[in-house]
Amino acid sequence: MNGHPGSGKTTLAQHLSKHLSIALFSKDGMKERLFDTLGHSDRPWSRKLGAAASAMLWDVGESLLRVGSPVILESNFYPEWDNARVARVEREFACRTFQVVLTADSETLIERYMRRIGSPDRHPGHWSDEYSDELKGRLRSEFVPVKITGATMVVDTSDLGSVSYEPVVSAIERAR
């Protein structure tokens with residue numbers, strides 16, 4: 001599960017996990033456990049814990065693949081950091097990959113993210129509004145998916161009310 005912050009990755013990943021009976025692990029979920037255990041402070045610390053959470057996400061995913069279990073990994077995966085890892089995992093585990101990339105127009109993504117800031121539902125360790133300019137720049141740039149040998153499906157979530165998850169579930173079931 002891949003895409004910009006605010007694109008709906010977690011919501012769709014949870015739906016897929018439930019309907020396909022596949023374990024789900026998210027980078028943010030792991031990062032939040034690290035925040036809870038080690039504390040949260042500034043942006044450099046958040047980035048350090050984000051890197052640790054990414055490493056943990058890959059380790060958990062590989063552990064499940066090693067025993068033949070499917071897994072959903074949810075994060076913002078980036079080609080410059082993750083293409084080599086994906087290629088190695090595909091080779092080592094001879095697994096079938098399926099990437100769902102969620103997209104939305106940049107202003108919608110920015111609006112969603114700004115609503116999250118300070119929300120009681122958002123973990124306090126995540127970025128605050130002092131980093132919003134940095135994030136807005138990222139959200140205005142095109143999201144480039146990682147390279148996989150399997151299928152990539154793009155889902156536009158600009159209008160959340162019109163998104164149907166069933167075609168995604170069906171496509172993954174066909175690819176299994």
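All figures in this text were calculated on a predicted structure; none of them were measured in a lab.
Separating the CD1 atom in Ile110 from the CG atom in Leu135 is a distance of 7.5 Å, to the nearest 0.5 Å. The OG atom of Ser170 lies 8.5 Å from the CE atom of Met153; values are rounded to the nearest 0.5 Å. The distance from atom CD of Glu173 to atom NE2 of His19, rounded to the nearest 0.5 Å, is 10.0 Å. Remark: Leu139 CG to Tyr113 OH distance equals 8.5 Å, nearest 0.5 Å.
Between Tyr165 and His15, the two ring planes are tilted [angle within 30° to 60°].
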### Message
Does Met30 form a side-chain contact (heavy atoms from CB on, under 4.5 Å) with Phe35? I'd like the steps, not just the answer.
### Response
CA-CA 9 Å; Met30 292 182 173; Phe35 284 144; over 6 Å; no

### Worked verdict on Leu102 versus Asn2 for side-chain contact (heavy atoms from CB on, under 4.5 Å)
CA-CA 6 Å; Leu102 280 74; Asn2 200 1; over 6 Å; no

### Task
Please lay out, stage by stage, how Arg176 and Ile22 fare under the test side-chain contact (heavy atoms from CB on, under 4.5 Å).
CA-CA 12 Å; Arg176 286 173 105 178; Ile22 299 175; 3.5 Å; yes

### Task
Decide side-chain hydrogen bond (donor to acceptor under 3.5 Å, both in side chains) for Asp28 and Ser26; before the verdict, give the C-alpha distance in whole Å, the side-chain angles of both, and the deciding distance to 0.1 Å.
CA-CA 5 Å; Asp28 275 357; Ser26 74; over 6 Å; no

### Task
List the steps and the verdict of side-chain contact (heavy atoms from CB on, under 4.5 Å) for Val146 and Gln99.
CA-CA 8 Å; Val146 293; Gln99 178 176 212; 3.1 Å; yes

### Task
Run the numbers on Lys9 and Ser75 for side-chain hydrogen bond (donor to acceptor under 3.5 Å, both in side chains), then give the verdict.
CA-CA 8 Å; Lys9 295 182 304 296; Ser75 184; over 6 Å; no

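Hydrophobic clustering (ILVMFWY, side-chain heavy atoms < 4.5 Å, transitive): Leu57 and Leu49 are in one cluster. Linking Ile, Leu, Val, Met, Phe, Trp and Tyr whenever their side-chain heavy atoms come within less than 4.5 Å leaves Leu24 and Leu34 in two separate clusters. In the hydrophobic cluster analysis, where Ile, Leu, Val, Met, Phe, Trp and Tyr join through side-chain heavy atoms closer than 4.5 angstrom, Leu64 is grouped apart from Phe98. Both Val163 and Ile72 belong to a common hydrophobic cluster when Ile, Leu, Val, Met, Phe, Trp and Tyr are linked at side-chain heavy-atom distances under 4.5 angstrom. Placement of Val71 and Leu16 in two distinct hydrophobic clusters is found when ILVMFWY residues are connected by side-chain heavy-atom separations under 4.5 Å, directly or transitively.
Side-chain atoms of Lys136 and Leu109, non-hydrogen and from C-beta on, never get closer than 4.5 Å to each other. Arg66 has its side chain within reach of Glu92: a pair of non-hydrogen atoms, C-beta onward, lies under 4.5 Å apart. Here the side chains of Glu62 and Arg88 are in contact, with some heavy-atom distance below 4.5 Å. Taking 4.5 Å as the limit, some side-chain heavy atom of Thr97 sits within range of a side-chain heavy atom of Thr149. When side chains are defined from C-beta on, Arg138 counts as touching Pro5, because their heavy atoms get closer than 4.5 Å. Counting heavy atoms from C-beta on, the side chains of Met1 and Gln14 never come closer than 4.5 Å. Proximity of Thr37 to Glu32: side-chain heavy atoms (C-beta onward) are nowhere separated by under 4.5 Å. Ser7 is not listed as a side-chain neighbour of Thr103, based on a closest heavy-atom distance of 4.5 Å or more.
Annotation for Ser158 and Arg112: closest pair O-NH2, 3.4 Å, computed over non-hydrogen atoms. Looking at every heavy atom in both residues, Pro145 comes nearest to Pro79 through O-CG, 3.4 Å. Considering every non-hydrogen atom in both Val89 and Cys95, the closest pair reads O-SG, 3.9 Å. Closest heavy-atom contact between Lys27 and Ser54: CD-OG, 3.3 Å.
At distances below 3.5 Å, not a single donor-acceptor pair connects side-chain atoms of Arg140 with backbone N or O atoms of Ser106. Asp105 contributes a side-chain N or O that, together with a main-chain N or O of Thr108, makes up a donor-acceptor pair within less than 3.5 Å. Proximity of a side-chain donor or acceptor of Asn76 to a complementary backbone N or O of His4 within less than 3.5 Å is not detected. Judged by distance alone, with hydrogens and angles left aside, the side-chain atoms of Ser17 form no donor-acceptor pair with the main-chain N or O of Ala13 at under 3.5 Å. Side chain of Ser46 to backbone of Asp42: no donor-acceptor contact under 3.5 angstrom is found. Distance alone, capped at 3.5 Å, places no donor-acceptor pair between the Thr157 side chain and the Leu160 backbone.
Under a cut-off of 6.0 angstrom, the local environment of CD in Glu166 is crowded, with over 12 non-hydrogen atoms contributed by other residues, nucleotides or ligands. No more than 12 heavy atoms of other residues, nucleotides or ligands lie within 6.0 Å of CZ in Arg96, so this atom counts as exposed by the packing criterion.
Aromatic ring centres of Phe77 and Trp58 lie closer together than 6.0 Å.
The pair Asp36-Arg33 meets the salt-bridge criterion, with a side-chain N (NZ, NE, NH1 or NH2) lying under 4.0 Å from an Asp/Glu carboxylate O.
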